[in-house]
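Chain letters run A, B, ... following the sequence lines, proteins first, then strands; residues in each count from 1. Please read all numbers here as calculations on a predicted model, not as lab measurements.
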Protein chains: 2
Amino acid sequence: MMELTRKGEYAIRGIVYLAAQPEDRVCLLSDIAAAVDVPPTFLAKIFQQFSKIGLVKSYRGTGGGFVLGRASDKITLLEVVEAVEGQIIPNRCVVTPSECSRDVFCKVHPVWKRVQIQVRDVLEGVTLKDLSGA
Amino acid sequence: MMELTRKGEYAIRGIVYLAAQPEDRVCLLSDIAAAVDVPPTFLAKIFQQFSKIGLVKSYRGTGGGFVLGRASDKITLLEVVEAVEGQIIPNRCVVTPSECSRDVFCKVHPVWKRVQIQVRDVLEGVTLKDLSGA
DNA sequence: TCTAAAAAGACAATTTTTATCTTTTTATTG
DNA sequence: CAATAAAAAGATAAAAATTGTCTTTTTAGA
Ligand code: SF4
Ligand code: SF4
């Protein structure tokens, strides 16, 4: 339970690698994939998601590749994880109360809410800089 | 991500209902299932798991059914969840470091460890009594 | 125009989840 | 003892999610 998927793990590896590169060095997807040991086609999908929300910037064509979208200390682990895994949802009723008619009186409901907050807090407190630094 | 499965949700509902019953009242599985709106055959599997580790006690035959294995304030939500979902594992390297060769230098690894601890702490701090009380 | 590289979309194998159904074991009761 | 009640165990299966791959398209540079 609560397990990060491969996709999430790959996503983190990839972007942490990027964050560890010299500031404005443009990296090939194929190079990143090889470096962090992830299937290139899979990582491509992941970086497309990153690109859409601006977590990375991409350049096409010759000399193209990827760079970080913002300074590495301005990107949190939470953003990275949520970009590919979606919101941190310990239980569906946390995000969709209507899902369960019992939520009116349910005492479990607020516990999941607390779990959500705790997890988010941990992940939000870590930046790519923290993860890529020496 | 981090989402409880139906099985986990059902498990909690079922055992919380049991905890809310008068002390030594033996409950039929079919009654519990109906009360908490869970497929009876599915709940049966769940309660079998509970029974194996003593979270509930079961009686077969006429007049049989289930009662809580211990006082409701001695059973934590963590136990219940882990009984059916397995350990709280935010990332597999947390439990099987050998899984990933990068764990020696990896800075992400300890973050998942912290997530694990936080989640466990929240769930461990809640008992069935807390969840079933008026 | 040719080539390099990412973006997009379609597809597929595998695994996990979410059950259901049947048979077996155990206990009670008349 | 026979009949019945109820949980335990086991087999099976549909649906969904995960984990990829492959092909085509778009964009940019040389
Ligand atoms: S029973 Fe409570 S915890 Fe479970 S889904 Fe409903 S509101 Fe959420
Ligand atoms: S790269 Fe780090 S976080 Fe990811 S599996 Fe390996 S040790 Fe764990």
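Residues from residues 46-55 of chain A lying near DNA chain C, meaning a heavy-atom separation below 4.0 Å, are A/Gln48, A/Ser51, A/Lys52 in numerical order. Annotation: proximity of residues 4-18 of chain B to DNA chain C (heavy atom, distance under 4.0 Å) is found for B/Thr5, B/Arg6, B/Lys7, B/Tyr10, numbered in ascending order. Contact check of residues 35-43 of chain B against DNA chain C (heavy atom, cut-off under 4.0 Å) returns B/Pro39, B/Thr41, B/Phe42.
Counting heavy atoms from C-beta outward, B/Tyr10 and B/Ile15 have side chains that stay 4.5 Å or more apart. Counting heavy atoms from C-beta outward, B/Arg25 and B/Val67 have side chains that stay 4.5 Å or more apart. Two residues are said to be in side-chain contact when any heavy atoms from C-beta on lie closer than 4.5 Å; B/Arg114 and B/Val119 fail this criterion. Between B/Val56 and B/Leu18 there is a side-chain heavy-atom pair separated by less than 4.5 Å.
Looking at residues two or more places apart in sequence or on another chain, you find a ring-ring contact (aromatic ring centres under 6.0 Å, His included) between B/Phe66 and B/Phe47.
Protein atom CZ of B/Arg92 is 12 Å distant from nucleotide atom C1' of C/dT16, rounded to whole Å. The nearest whole Å value for the distance from the CG atom in A/Asp31 to the C1' atom in C/dA6 is 14 Å. The NZ atom of A/Lys45 sits 13 Å away from the C1' atom of D/dT19 (whole-angstrom rounding).
By the rule that hydrophobic residues join a cluster once side-chain heavy atoms approach within less than 4.5 Å of another member, A/Val108 and A/Val95 end up as members of separate clusters.
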For nucleotides 24-29 of chain C, which of its nitrogen or oxygen atoms have a protein nitrogen or oxygen under 3.5 Å away, and what is each distance?
from: C/dT25; atom 1: O2; to: B/Arg60; atom 2: NH2; distance (Å): 3.3

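Judged by closest nucleotide on DNA chain D, B/Cys27 is the one of A/Glu85 and B/Cys27 placed further toward the 5' end.
Counting only residues at least two apart or on different chains, the side-chain hydrogen bond (donor to acceptor under 3.5 Å, both in side chains) pairs with a member in residues 42-71 of chain A are A/Lys7-A/Gln49, A/Arg70-A/Glu79.
Side chains of B/Glu3 and A/Asn91: no donor on one and acceptor on the other come within 3.5 Å.
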